[in-house]
Amino acid sequence: MDNNWHTKEIGERIYARCQKLAKFSESSDKLTRVYLSKEHAQCNQQVARWMHEAGMSTWQDAVGNLCARYEGQTSGAPALLLGSHLDTVRNAGKYDGIAGVLTAIEVVGKLQQLDIRLPFAIEVVGFADEEGTRFGSTLLGSRGLTGQWQPQWLQLPDAEKITIAQALETFGLAPEKIAQATRSADDFIGYMEVHIEQGPQLECANLAAGVVSAINGAKRMQMSVTGQAGHAGTVPMNMRQDALVGASEIVLCIEQIAKEQQVVATVGQLQCLPDSVNVIPGQVQFSLDIRSSDDAHRDRVLAQIIERAREIAVHRSLEFSQHCFYQSDATECDSYLQKLLNDACEKIQGRSMTLSSGAGHDAMAIAKLCPVAMLFLRCAKGISHHPSEAVTANDLAIGWQVLYQSVQQFAADYSLHGASASY
Ligand SMILES: [Zn+2]
């Protein structure tokens with residue numbers, strides 16, 4: 001294994017490269033790099049240079065993902081896929097996604113430096129669009145690679161009414177060739193992604209890195225409480241059907257049930273009608289976002305919330321209705337790949353920690369092709385999708401060490417047992 005000095009150098013290089021990529025932005029004072037933009041092309045070119053230096057061949061696929069390959073002991077062998085995304089939200093931090101791509105490149109760089117070829121190839125991918133910032137639909141890059149791209153997405157417009165099809169052409173890609181980005185399940189033996197946690201748990205546990213057990217599934221509901229609007233001065237308190245007071249009780253009940261049942265549930269939008277200072281609210285519409293690593297548990301808790309909401313409404317002579325407008329299922333991380341990461345974490349930082357991911361990631365799409373795993377890195381105060389997102393060079397070095405060691409162990413197991421015995 002590497003001595004500390006070299007590991008430190010690698011962490012510092014990943015950190016410095018994150019700063020450098022932050023310059024590829026549509027405005028000079030904020031980091032915003034969206035799908036199929038000029039900055040996306042510039043970023044791909046820069047990262048491709050680093051991939052070349054690490055001994056990889058590179059190409060840009062039909063949806064704009066930047067791909068690279070480091071051959072194994074025999075050329076054309078199936079690959080372990082490493083990577084994350086290179087796009088950002090508006091006014092973003094410098095590490096979300098990017099740190100994972102750069103860490104993967106350093107793993108290959110070290111193999112090249114030591115002249116090591118593994119029993120499988122390594123491919124590194126910088127996904128073109130994970131955040132959905134420009135066209136409102138997330139995971140476009142990874143869904144292109146896994147063949148889940150929907151033809152109607154080509155007509156999705158951005159804020160300037162430029163469609164994905166038009167943007168692809170401006171970028172130098174052909175909309176009719178999107179399907180060429182699709183890779184086969186036979187191409188890959190697994191996918192490992194390093195990503196910042198975007199939450200506070202690792203910092204609380206005083207750990208640089210932790211292993212993701214599952215990416216939470218989510219359901220988003222629209223809920224409505226209807227009562228009777230009335231004059232704020234003339235209707236006595238005991239004769240009111242105040243929709244907002246009922247909705248408030250439901251919101252508090254959602255918080256209580258979520259805490260008891262260990263899911264996360266958020267009411268993020270609430271609209272009060274008629275929204276007037278001297279009128280008793282007649283109707284309230286609000287959203288509910290509920291997430292868990294266990295879909296069945298999430299659905300049971302949601303059913304409990306709906307039942308309680310109905311009881312509250314009946315008690316207050318209100319009407320309650322709800323419907324689901326978005327659903328994604330949880331993605332389990334592969335137990336063998338998790339073990340590799342956990343063992344490496346224990347070796348490098350003394351102990352490991354398993355946590356579920358509250359946010360969505362490219363690994364959700366890649367799980368359709370092959371087993372996936374994720375390593376989370378501590379970020380200051382759990383802040384992400386914000387310019388104050390911060391990761392230390394030291395933690396990046398630990399993340400690199402964990403990934404490098406896991407890849408080495410995977411190779412050792414693979415040599416002994418082949419891919420099937422590993423899982
Ligand atoms: Zn991300």
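First listed ligand is number 1; within each ligand, the first listed atom is number 1. This structure is a prediction, so every number in the text was calculated from the model and none was measured. Numbering starts at 1 and runs along the sequence shown.
For N65 (side chain) and C67 (main-chain N/O), no donor-acceptor pair under 3.5 Å exists by modelled atom type. Under a 3.5 Å cut-off, the side chain of T133 and the backbone N or O of T88 do form a donor-acceptor pair.
Judged as a side-chain hydrogen bond (donor to acceptor under 3.5 Å, both in side chains), the pairs with a partner in residues 357-383 (not counting sequence neighbours) are, in order, S142-D362, S357-H361, R378-D395. Residue pairs satisfying the side-chain hydrogen bond (donor to acceptor under 3.5 Å, both in side chains) criterion with at least one member in residues 149-160, sequence neighbours excluded, are listed as follows: R134-D158.
Using a 4.5 Å cut-off on side-chain heavy atoms (C-beta onward), I348 and Q405 make contact.
In this structure F135 satisfies the ring pair (Phe, Tyr, Trp, His ring centres under 6.0 Å) test with no other residue, sequence neighbours excluded.
Here the Zn ion (ligand 1) has protein N, O or S atoms under 2.8 Å from it, and they come to 3.
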